[in-house]
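Reminder, nothing fancy here: chain letters follow the sequence lines and each chain counts from 1.
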Amino acid sequence: MNDPVNANEERPDEYDPQEVEGKWQKRWRDRGTNAVDIAGASDPYYALMMFPYPSAEGLHVGNLFAFVGNDIYGRFQRLQGHNVFEPFGYDAFGIHSENYALKLGKHPGKLIPENIANFRRQVERSGLMIDWRHTLATTDPEYYKWTQWVFLQLLKHGLAYRKQAAVNWCPSCKTVLANEQVIGGRCERCQTPVEQRLLEQWFFRISDYAPRLLNNLDHLDWSESTRTAQRNWIGRSEGAEILFPAEAADAGREEIRVFTTRPDTIFGATYLVLAPEHPLVQKLITPAQRDAVEEYLERTAKQDLIARKTSTEKTGIFTGSYAVNPATGLPIPVWIADYVLMEYGTGAIMAVPGHDDRDFEFAMLFGLPIVRVVCAEGDDPEADFSSAFTGSEGARLVNSGRFNDMTVEAGKRAIVEMLAEKDAAKPAVNYRLHDWCISRQRYWGPPIPIIYCDACGAVPVPEKDLPVILPYVEDFKPDDSGVSPLARHEEWYRVACPKCGAMGRRETDVSDTFLDSAWYFLRYPSVGIDDVPFDPVLTRKWLPVDTYIGGNEHAVLHLLYSRFVTMVLHDMGHLDFEEPYVRFRAHGLIIRNGAKMSKSRGNVVIPDEYIATWGADAFRGYLMFLGPFEEGGDFRDASISGVKRFLDRLWSSVVTAVADNSSSGSAEHSSEVMRKLHQTIKKVGEDIPRLSYNTAIAAMMEYMNVLRRGERKPRRGEVAPVVQLVAPFAPHIAEELWERLGHSESVFDAGWPSFDPALVEEEKIELAVQVNGKMRGRLNVRRDIGQDEALALAMAEGSISKFVNGSPRKVVFVPGRLLNIVA
RNA sequence: GCGGAAGUGGCGGAACUGGUAGACGCGCUGGACUUAGGAUCCAGUGGGGCAACCCGUCCGGGUUCGAGUCCCGGCUUUCGCACCA
């Protein structure tokens, strides 16, 4: 590796990143360069980055990649004249921190401040334009006081409720997980198979907001991939709810409600299936079947979610009862099977084995009848099945009485209409989105502000009594009792009921970390204000967030929850907007050796050593030059040197220009250099808003190549604008060079250079000449050359005209670009 | 299985609405300056051919004067979701 310190000893004016960066970081602190006038800003711009969980390992390149990408954007907006607010904070509660503390045998309350201090050091060393007066940590009582307040607002408006529910339980983390934290039946954090448990939990009614959360997506300026992920997660399905009359085991009449997206296939519904947890199950078991069914129910109840959700083989049992298919009037058996989920739809389905893969598999296994009711064009309606036919395009209904020959779409409408007349069906919409379980049986989170009283029930802690402080306890290790470690601390949870004064008991669960992060962006401008969570005036000035940049791993978790909380606060009148982020861009992932960075793979890159070797500016530039910001890239340190060389050359060009006093002022400029300069200003200014950072850097490199290959030394006017262009990427060197160019103010207050559109256009161009679409030559001509003249010039070239036999049949001319002679 | 994104030199990647494929960088080759260089500077660098030229953007078709870009079919990689009725 090269050694900038030694190099510096030999040549005093050599670029020494450590010295330059240290100098400017200190000066930014001393001068308050990055501080924003929150109350007085006239042109506010809120450039938000996702706040990190302050891990003990410190900031890794994945974090830094995202932060730098946002910082460049923010600094660019500032150079455009905006008052840019770029705050930073810490998502410091949660299982991450707690598990790590447990591993070390330390208290998270001690560990987190150390980690935060380390993060801050790293972030400052990286040169981010952070206003440190507006930092926050979710673990700060001054912050989580308002997290608890948010919970109380939802409770007050009936959007928080408590229910006993089968929840995802991670036996390793010993806690309940949200559906979003279960990946493929396993715990998101430790990959342990998740089990089912019944616990009393607090839920938020996010499913009530499903339609709005879905519909608003159409109008948000967000990365398409993120919007698609949210749409899929919300999972809207349109169909019908259909009633199947059934006779219970005791001869009573029952109705089984099913949800289907394919009402057109009802003539093929040859049996019904209930989820094992379905409330009608007991009523439908006939005496003859009782033992077998009870045995089955017991077996499925014990089974953990992973076995149930990922098992490929179907299991099930006949109840002994029959229901009536309202379309055919025929009796069909009612089965129980665990492939039907109680959480979705009505917990019961009409099985159409001819046209659903799962039903087909089940019917084959248990010998249930399979009827074809939809037929692709040209297929034989009476042919045997080898698999379910699930297609619909161009298909027609068959074996469906008077609906025969209808298309699938027409059949859907007609059949629901027919059944609706008998009150046996109605159109229905279902969402996959479930209510948000926010209870966590852990220690390291904000206590849920509820007090249970024998007389009054669940009583909210009065807002004036917030925060409910998380007590410092040494004994915070979770156990598998299903209750929080706080439930072992009677001195904490025993408290008077706020309503009646009788002795009550605090809720001992804490809330989900995602609640902490669901509203943090509202707090930043108001940090330091302690009587409201977010000041109405400041909020109106700064929010919603102008640009949010973050990882797509939060496409459905954090981004959906924060949209929900914002909508709720809007509906309550606390906010005058209902979407928190006007513009969201997902950045790519930095991988190493083709794999995602992770501690277990041992391929995590810590920025510190790179910054120590190359400087923050070169490292920032390298991260951005790696590939398109929205796609990420493979980290390989080999090519950092390219960016460093570019900065070295910029440095020496400016130093040379400054030293050469003779050329200051209005010296004549080479027109080639000036043209390239103006083209570069234009390109960089267009690329940054598109987050096309890699091509912006390439453009600056190109310009520097033109400049240094020129006949004479670079002059001020040729280098000063580059210092401004490079400033968002490499802020320290830019400040230093800007100062050396004789400016006393920060380069970030110097504005963005403008370009002369007339200068951007080349007057001489290379016109591409093709014959029959094949490249045959290039003509160096005036930009505004006409077709006839170009053709004449082309035909005069022997190397071109030799491909043209006789006179051209056709000539295609694209002015300024290309001439194609079709012979 | 469903959904998203993507396949371009030795490598990372450029190429806005179809119009000069390979910008920029790494690496590599040669040269200069040097006691030396893993520093710096200069030149070259998709493949084939002495050359004229020919071939080249995952594969196969198609549209077009012209396709990396558009259409149809297939393959591969990758990231989400996954018995959602």
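Listed for the A/Ser223 side chain is a donor-acceptor partner under 3.5 Å among the backbone atoms of A/Ala586.
Between A/Arg432 and B/C81, a side-chain N or O to OP1/OP2 separation shorter than 4.0 Å is absent. Between A/Arg708 and B/C42 there is a side-chain N or O to OP1 or OP2 distance below 4.0 Å.
The residue among A/Asp359 and A/Ser639 whose nearest nucleotide of RNA chain B lies closer to the 5′ end is A/Ser639. Each of A/Leu767 and A/Thr260 has a nearest nucleotide on RNA chain B; the 5'-most of these lies closest to A/Leu767.
In this entry B/G12 has B/C24 as its Watson-Crick or G-U wobble partner, both defining distances falling under 3.5 Å.
In the set B/A21, B/A85, B/C24, the nucleotide with an atom closest to the side chain of A/Met775 is B/A21. The side chain of A/Arg776 sits closest to B/C53 out of B/C24, B/C53, B/A82.
Note on A/Glu238 versus A/Arg236: salt bridge recorded, some NZ/NE/NH1/NH2 to OD/OE distance being below 4.0 Å. Look at A/Glu686 and A/Lys682 and you find a salt bridge, because one of the NZ, NE, NH1 or NH2 atoms lies within 4.0 Å of a carboxylate O, short of that distance.
The cationic group of A/Arg645 does not satisfy the cation-pi geometry with A/Trp614, failing either the under 6.0 Å distance to the six-membered ring centre or the 45° limit from the ring axis.
Going from the P atom of B/G18 to that of B/C65 covers 16 Å, rounded to whole Å.
Rounded to whole angstrom, the span from the CZ atom of A/Arg645 across to the C1' atom of B/G25 amounts to 9 Å.
Annotated as anti: B/G60, whose O4'-C1'-N torsion sits more than 90° from 0.
As judged by a 4.0 angstrom heavy-atom cut-off over every strand, A/Glu702 is placed among residues touching the sugar-phosphate backbone only.
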